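So the structure is just underneath, and the comments pick up after that.
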Amino acid sequence: MAATARIIDFLRDRRPEGPCLVVDLEVIADNYRAFTRAMPDTRIYYAVKANPAPEVLKLLADMGSSFDTASVAEVEMALAAGATPDRISFGNTIKKERDIARAYQLGVALFAVDSDEEVEKVARAAPGAKVFCRILTDGAGAEWPLSRKFGCEPSMAVDVLMHAHALGLEAYGISFHVGSQQTRLEAWDSAVAESKAIFDAMQLRGVTLKMVNLGGGFPTKYLKPVPGTGAYANAIHDSLAKHFGNALPETIIEPGRGMVGNAGVVKAEVVLISKKHANDNHRWVYLDIGKFGGLAETMDEAIRYPLVTSKDADGKGPCVIAGPTCDSADVLYEKTPYDLPLTLTVGDEILIEATGAYTTTYAAVAFNGFAPLKAYII
Ligand SMILES: *Cc1c(COP(=O)(O)O)cnc(C)c1O
């Protein structure tokens, strides 16, 4: 989404120095309402890592959101924002046992697992807690897939959940994540089918699962159009109805990018424009923000942010775009160059749109002395 009028006004009036992210809370509120309208029977657990600014968490807590966290620090941030512990899940499948214990002391009672080893930690550190087992998905269709790092084969989930049951935990449900920036509406269907098979296998063993955690993956519009929230909701609803019939499970979603991505804009500045030889038809445009300043998702040019300048009506030509640091990995877009105005000059401002998710938290502390990405939440 283009920068909102409030973001444009803020940048014009405040003229903040250096690269910065400006986040418009009204957009996040709209996104939250769109999710609740489209999926009224599904609980929303906002994935805190996407943008953990206290103002963002407070807005969502006030609106009734629950929170998906991955560490004790994130649990504490969600609590500080006003969420009660029953609205917090510890969704990371890789936890230290003492962090599980700490979260449990704080009142958190819902944990993700994907192995017997993790089940044993939860059973010791959070006796009686609810657990859901994460299953692998292939991530096809996702622009930022999550690979095989999280989740177990669906055939193993039954054993993991039976182990949890035997150790006194409540075997509560199944989770999966179809990959971030998922542009295929059908991506949820095979995982929902696998979830149903696991529900049935557990039922045969006398354990009734209750919940399917449908994960994140809801996209933000970058350069290409993406389906709207309603289209995702319909596809997921149809898939649940197809596989579960009338015995619909409780469902939760964990949107991160889809909740905050389009709410933020990074203001950056052109530091240098140069060529590599006299006849080079590509300009190199160096910005004051790069991979280490918060734009880590440009890795492998996976996420291509819309770039906006005040000279976009002028003729354009291809540019390689790079960050300001002394690391040669700090090139944002080279394999697929960007067209930028031929009149672009040093000192010009560039707005990098749809940067509300996965930016501030990815910024390095002080690589080359550059400060972490500043954020203004308005
Ligand atoms: C990161 C993450 C999310 C959020 O994913 P998006 O694609 O940003 O919506 C949700 N659930 C889990 C477990 C995650 O790790």
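Both ligands and their constituent atoms are indexed starting at 1 by order of listing. A quick note: this is a predicted structure, and the numbers were derived from the prediction, not measured.
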### Task
Record the part of Tyr358 in heavy-atom contact with ligand 1 below 4.0 Å; permitted values are side chain, backbone, both and neither.
side chain
### Message
Show me which atoms of ligand 1 lie under 4.0 Å from any heavy atom of Asp68.
### Response
11 (N), 12 (C), 13 (C)
### Task
Assert yes or no for the condition that the ring centre distance of Phe132 to Tyr172 is strictly below 6.0 Å.
no
### Query
Are any of the N/O atoms in Gly217 less than 3.5 Å from those in ligand 1?
yes
### Task
Taking the six-membered ring for Trp and the single ring otherwise, decide whether the centroids of Phe10 and Tyr376 are under 6.0 Å apart.
yes
### Task
Could you see which bit of Asn92 sits under 4.0 Å from ligand 1, with heavy atoms only: side chain, backbone, both or neither?
neither
### Message
For Ala50, state whether at least one heavy atom is located under 4.0 Å from any atom of ligand 1.
### Response
no
### Query
Less than 4.0 Å between a side-chain N and a carboxylate O, is that true for Asp9 and Arg12?
yes
### Query
Which residue holds the protein heavy atom closest to atom 9 (O) of ligand 1, what is that atom called, and what is the gap in Å?
Gly256 N, 2.9 Å
### Message
Please list the nearest protein heavy atom to atom 7 (O) of ligand 1 with its residue and the distance rounded to 0.1 Å.
### Response
Ser180 OG, 2.5 Å
### Query
Any idea which protein heavy atom is nearest atom 15 (O) of ligand 1, and the distance to it?
Lys49 NZ, 2.8 Å
### Task
Show your reasoning for whether side chain to side chain donor-acceptor pair (under 3.5 Å) applies to Asp327 and Thr325.
CA-CA 6 Å; Asp327 190 314; Thr325 67; 6.0 Å; no
### Task
Just say parallel, tilted or perpendicular for the rings of Tyr338 and Tyr333, cut-offs at 30° and 60°.
tilted
### Summary
of all protein heavy atoms, closest to atom 5 (O) of ligand 1 is His177 NE2, 2.8 Å
#### Entry: Backbone or side-chain N or O of Gly179 under 3.5 Å from ligand 1 N or O
no
### Message
If you take the nearest heavy atom of each of Glu254, Met259, Arg257, Gln181, which one is closest to atom 12 (C) of ligand 1?
### Response
Glu254
### Message
Using a 4.0 Å cutoff against the non-hydrogen atoms of Ala47, which atoms of ligand 1 qualify?
### Response
3 (C), 4 (C), 10 (C)
### Message
Show, in sequence, the C-alpha distance, side-chain angles and deciding distance for Tyr104 and Phe90, and conclude whether the ring-ring contact (aromatic ring centres under 6.0 Å, His included) test is met.
### Response
CA-CA 10 Å; Tyr104 187 66; Phe90 202 145; over 10 Å; no
#### Entry: ligand 1 contact by Arg134, heavy-atom criterion under 4.0 angstrom
yes
### Message
Does the structure place the NZ or CZ of Lys276 under 6.0 Å from the centre of the six-membered ring of Trp284, at an angle of no more than 45° from the ring's axis?
### Response
yes
#### Entry: Those atoms of ligand 1 less than 4.0 Å from some heavy atom in Pro255
9 (O)
### Message
Using ring centroids (six-membered ring only for Trp), state whether Tyr45 and Phe67 fall under 6.0 Å.
### Response
no
### Query
Considering the options Glu117, Glu118, Glu74, which one meets the salt bridge (Lys or Arg N to Asp or Glu O under 4.0 Å) requirement together with Lys95?
Glu118
